[in-house]
Number of protein chains: 2
Amino acid sequence: MARVGLTTERLVKAGAELADEVGFEQVTASELARRFDVKVASLYSHVKNTQDLKTRITLFALQELADRAADAIAGRAGKDALVAFANVYRDYEREHPGRAAAARMRLDPETAAASAGVRHAQMTRALLRGYDIAEPDATHAVRLLGSVFHGYASLESAGGFSHSAPDSEETWTRILDALDALLHNWPAPPTP
Amino acid sequence: MARVGLTTERLVKAGAELADEVGFEQVTASELARRFDVKVASLYSHVKNTQDLKTRITLFALQELADRAADAIAGRAGKDALVAFANVYRDYEREHPGRAAAARMRLDPETAAASAGVRHAQMTRALLRGYDIAEPDATHAVRLLGSVFHGYASLESAGGFSHSAPDSEETWTRILDALDALLHNWPAPPTP
DNA sequence: GCGTCTACCTAAAGCATTTAGGCAAATGGG
DNA sequence: CCCATTTGCCTAAATGCTTTAGGTAGACGC
């Protein structure tokens, strides 16, 4: 009865790797146990259930992504920061598709509020300091950027832009150009 | 042995309703059989397997959504068309969250190419006739709009914008204002 | 009314999830 | 160094979803 040294952390990490290999939806307690050469029931000492495992993978991915984003925008401003920030999401999707899918999983409100998701919003807001957008428009812009990054990654990973010209790479840079232009020229609210 | 009159179509329709009630991920052959008061195995004469069922629900949702979108943009142009088109996605998400989630499911390339997804792209491109954007920039713009609609619906349905000011409704109209402005002022490609 | 099709059935195997309870390996105090 | 406690991993078993194979009876054409 050799002890493998399971911990919640190791399970989550391995679960994230599994997600990258087989897809987040296909992450299963059985497969994870197989990889640790351990019986399935043993996982349940470290993780409440499969949903709990997936939630933890999501939180892990959000944190990893936030760390990368923080790194990317440090010391940059304006379009430079916008591009670096956006590319973090795009690169993460390519490097870790399973974790990226996990990061898009819906969390219940309390869990979400305690997640690194709030750091993402804060960093996006910080990005806007390079542009001249005051509240409450900054919030609208934050939400737009979130939607674009989220949506683009999702569509691209679903193969939405592949096998058709122009290639996805070019679209991405042109979208960032467009967003930069838009943020420089954010339309005033309609005067009621 | 009363015959209920199962058909693939009825199953897909009921599956879509089930998705709206319990979430697309929770659509299961067992539950569907329960609703028809039929044994699970009976479904397998009409549907290849659960994955096939889900794919069909996705195709159904994409088509329904495309029909609504076509209705919305008929006889409209410019910002008027943009807003009507975008609101179709937003309203669909609210009215049929399960089907909307289904519409975001990734399809394999051949299935996707034969789906109503291509109509969505065509209609989006038609929208751009109200603006002055030539190829290949039109494709970039189509992809941007797709990303925004897709991403916003997804984030909103995940509760990303709820319980925080300003409210999601206002953000949505301001985002549409911004997109309209952006399309009017689409930045030229960088001169190499 | 008969034959044929087919819609729905029963049966069974496979796999994932989850809980309950047990044994042995690690850990640390005497 | 040894024993006691903790705890990591086990076996066993129940439940539920998926899928296939083969049977039976209702619907429908002739």
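Naming convention: chains lettered A, B, ... in sequence-line order (proteins, then strands); numbering from 1 in each chain.
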Mind checking if A:Thr28 touches a base, just sugar-phosphate, or nothing, with heavy atoms under 4.0 Å? sugar-phosphate
Distance check: side-chain N/O of B:Ser30 vs OP1/OP2 of D:dT18, anything under 4.0 Å? yes
Once you apply a heavy-atom cut-off of 4.0 Å, does A:Val4 come out as touching a base, just sugar-phosphate, or nothing? sugar-phosphate
Among D:dC9, C:dT17, D:dA12, the one nearest any side-chain atom of A:Ala41 is D:dA12
B:Asn49 atom CG is separated from D:dT19 atom P, nearest whole Å, by 5 Å
Rounded to whole Å, CD of A:Gln26 lies from C1' of C:dC15 at a distance of 15 Å
A:Ser42 side chain N/O closer than 4.0 Å to the phosphate oxygens (OP1, OP2) of D:dC10? yes
Measure from CG on B:Asp52 to C1' on D:dT19 and round the result to the nearest Å. 13 Å
Is there a side-chain contact between A:Asp137 and B:Arg174 in this structure, where contact means two heavy atoms from C-beta onward sitting under 4.5 Å apart? yes
OP1 or OP2 of C:dA7 sitting under 4.0 Å from any side-chain N/O of B:Arg10? no
OP1 or OP2 of C:dA16 versus the side-chain N and O atoms of A:Arg34: is any pair under 4.0 Å? yes
Let me know the distance between CZ of A:Arg35 and C1' of D:dC9, rounded to the nearest Å. 21 Å
What is the distance, to the nearest angstrom, from the CG atom on A:Leu32 to the C1' atom on C:dT18? 16 Å
Looking at C:dA16, D:dC17, C:dC8, which one has an atom nearest to any side-chain atom of B:His46? C:dC8
Heavy-atom side-chain proximity of B:Arg143 to A:Leu155 below 4.5 angstrom: no
Could you check how far NZ of A:Lys39 sits from C1' of C:dA20, rounded to whole Å? 18 Å
In whole angstroms, the gap separating P of D:dC10 from CG of A:Asp37 amounts to 8 Å
For the pair made of OH in A:Tyr44 and C1' in D:dA13, what is the distance, rounded to whole Å? 15 Å
Would you indicate whether A:Gln26, at its atom CD, is surrounded by more than 12 heavy atoms from other residues, nucleotides or ligands within a distance under 6.0 Å? yes
Could you check if a side-chain atom of A:His150 sits within less than 4.5 angstrom of a side-chain atom of B:His150, using non-hydrogen atoms only? no
Pick base, sugar-phosphate or nothing for A:Thr50, based on heavy-atom distances below 4.0 Å to the nucleic acid. sugar-phosphate
Examine B:Lys13 relative to B:Phe60 and say whether NZ or CZ is less than 6.0 Å from the centre of the six-membered ring and inside a 45° cone about the ring axis. no
